[in-house]
Amino acid sequence: MSRDILILPGDGIGPEIVAEARKVLEWVNERYSLDLVLHEGLVGGAAIDAHGVPLPDQTLQAARKADAILLGAVGGPKWDKLETAIRPEKGLLGLRSQLELFANLRPAILYPQLAAASSLKPEVVSGLDILIVRELTGGIYFGQPRGIRTLDSGIRQGYNTYVYDENEIERIGRVAFEAARKRQGRLCSVDKANVLEVTVLWREVMDRLASEYPDVELSHMYVDNAAMQLVRAPKQFDVLVTGNMFGDILSDEAAMLTGSIGMLPSASLDRNNKGMYEPCHGSAPDIAGQGVANPLATILSVAMMLRYSVGSNEAADAIEAAVSRALDAGYRTADLAEAGVSSVGTREMGQAVLDALAEA
Ligand code: IPM
Ligand code: MG
């Protein structure tokens with residue numbers, strides 16, 4: 001049975017890193033006879049330029065039809081002046097919400113070869129393996145009402161709404177408990193229950209779920225403390241579960257522990273494990289078009305796609321092992337290279353992974 005893969009390169013470094021990930025995907029497609037059919041589409045600023053909107057109908061239709069989506073990154077200074085409703089980011093957020101991709105999995109794993117690239121001491125991060133489970137279609141990102149209004153006093157006021165209902169909390173909680181069950185069995189739920197009612201409810205629902213998962217040890221942590229613990233003693237964590245905005249922030253922080261945000265892949269899944277796969281980093285307009293961006297987070301996102309949406313652990317393992325061998329061989333993009341050490345570009349890193357695949 002053939003499967004449809006929609007590729008959305010997006011903006012900034014998106015097209016460069018996705019080109020390398022696509023080569024890797026094509027290679028494993030052949031080698032493991034996966035029967036994947038690849039299509040490309042426009043999203044974000046690229047779609048605004050071509051069609052005037054960040055998420056054109058044809059892209060949304062293609063995304064609905066696809067079995068999985070690979071996305072690069074969206075956004076850039078060119079579109080920064082647009083109002084929030086039609087910014088490139090709305091393309092990404094629209095896909096997440098229209099396809100109900102509520103479960104965002106962001107694994108932060110330290111490759112031993114990169115211990116020196118982390119901003120923390122090697123002994124603090126060596127062996128690091130954390131999974132952040134971020135709620136992706138609710139919370140303050142989507143809450144209504146929202147906007148900027150002018151008060152009677154003439155002063156303008158910006159406002160957003162932080163809201164979660166029990167069902168939304170429960171479904172992300174279940175994903176996190178299930179994930180913890182397959183790992184070390186420890187789940188830390190991150191909230192701000194000392195201040196925000198919405199997270200008082202969050203905590204209550206997580207506690208209720210815990211009785212159904214007696215094999216998982218649940219703990220709770222306030223988000224400010226979690227941010228601190230991530231840089232103080234990150235290895236205390238196995239799985240973290242949190243809301244949309246806290247997850248956005250903590251996953252960037254966790255990424256840096258692994259040496260570079262250029263290493264962090266992600267999967268955004270619906271209730272049937274249909275997914276969109278993207279690197280956690282953004283479109284990096286400052287280095288776009290220079291051929292220096294790190295393609296590994298996108299290549300590792302392909303591995304996650306093969307594991308979760310295609311069901312080929314074999315191909316996923318092969319890609320992850322090839323990334324590790326490319327690092328063993330000393331290949332480093334600029335974000336990973338230690339001072340004074342020469343680095344390779346996007347294409348060389350992609351080629352190093354392809355070579356490692358072919359040699360295996
Ligand atoms: C991410 C990004 C997005 C987010 C932006 C680009 C809208 O930062 O995937 O973490 O905030 O979710
Ligand atoms: Mg982010």
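Both ligands and their constituent atoms are indexed starting at 1 by order of listing.
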Salt-bridge test for [X] and [Y]: reply yes if a basic N is under 4.0 Å from a carboxylate O, no otherwise.
{"X": "Arg307", "Y": "Glu320", "result": "yes"}
{"X": "Glu26", "Y": "Arg22", "result": "yes"}
{"X": "Arg174", "Y": "Glu170", "result": "yes"}

### Task
With the Mg ion (ligand 2) as the reference point, give the N/O/S atom of Asp248 that is nearest.
OD1
### Task
If the plane angle is over 60° it's perpendicular, under 30° parallel, otherwise tilted; pick one for Phe246 and Tyr162.
perpendicular
### Tyr111 six-ring centre to Arg332 NZ/CZ under 6.0 Å and within 45° of normal
no
### Message
With a cutoff of 4.0 Å, is His281 in contact with ligand 1, counting heavy atoms of the residue only?
### Response
no
### Query
Is it the case that Gln229 and Arg232 place a side-chain donor and acceptor less than 3.5 Å from each other?
yes
### Query
In terms of side-chain heavy atoms, does Glu135 have a donor or acceptor partner in Tyr164 at a distance below 3.5 Å?
yes
Considering non-hydrogen atoms of the protein only, which is the closest contact for [atom], and what is the distance?
{"atom": "atom 11 (O) of ligand 1", "answer": "Tyr141 OH, 2.6 Å"}
{"atom": "atom 10 (O) of ligand 1", "answer": "Asp248 OD1, 2.9 Å"}
{"atom": "atom 1 (C) of ligand 1", "answer": "Arg106 NH2, 3.4 Å"}
{"atom": "atom 7 (C) of ligand 1", "answer": "Glu89 CG, 3.8 Å"}

### Task
Output yes if Asp252 passes the N/O/S-under-2.8 Å test against the Mg ion (ligand 2); output no otherwise.
no
### Summary
Min over Met245, Arg96, Arg87 of heavy-atom distance to atom 9 (O) of ligand 1 lands on Arg96
### Message
Nearest non-hydrogen contact with atom 6 (C) of ligand 1 belongs to which option: Leu71, Leu92, Ile261, Ile249?
### Response
Leu92
### Query
Which atoms from ligand 1 have a heavy atom of Arg134 less than 4.0 Å away?
1 (C), 4 (C), 9 (O), 10 (O), 11 (O), 12 (O)
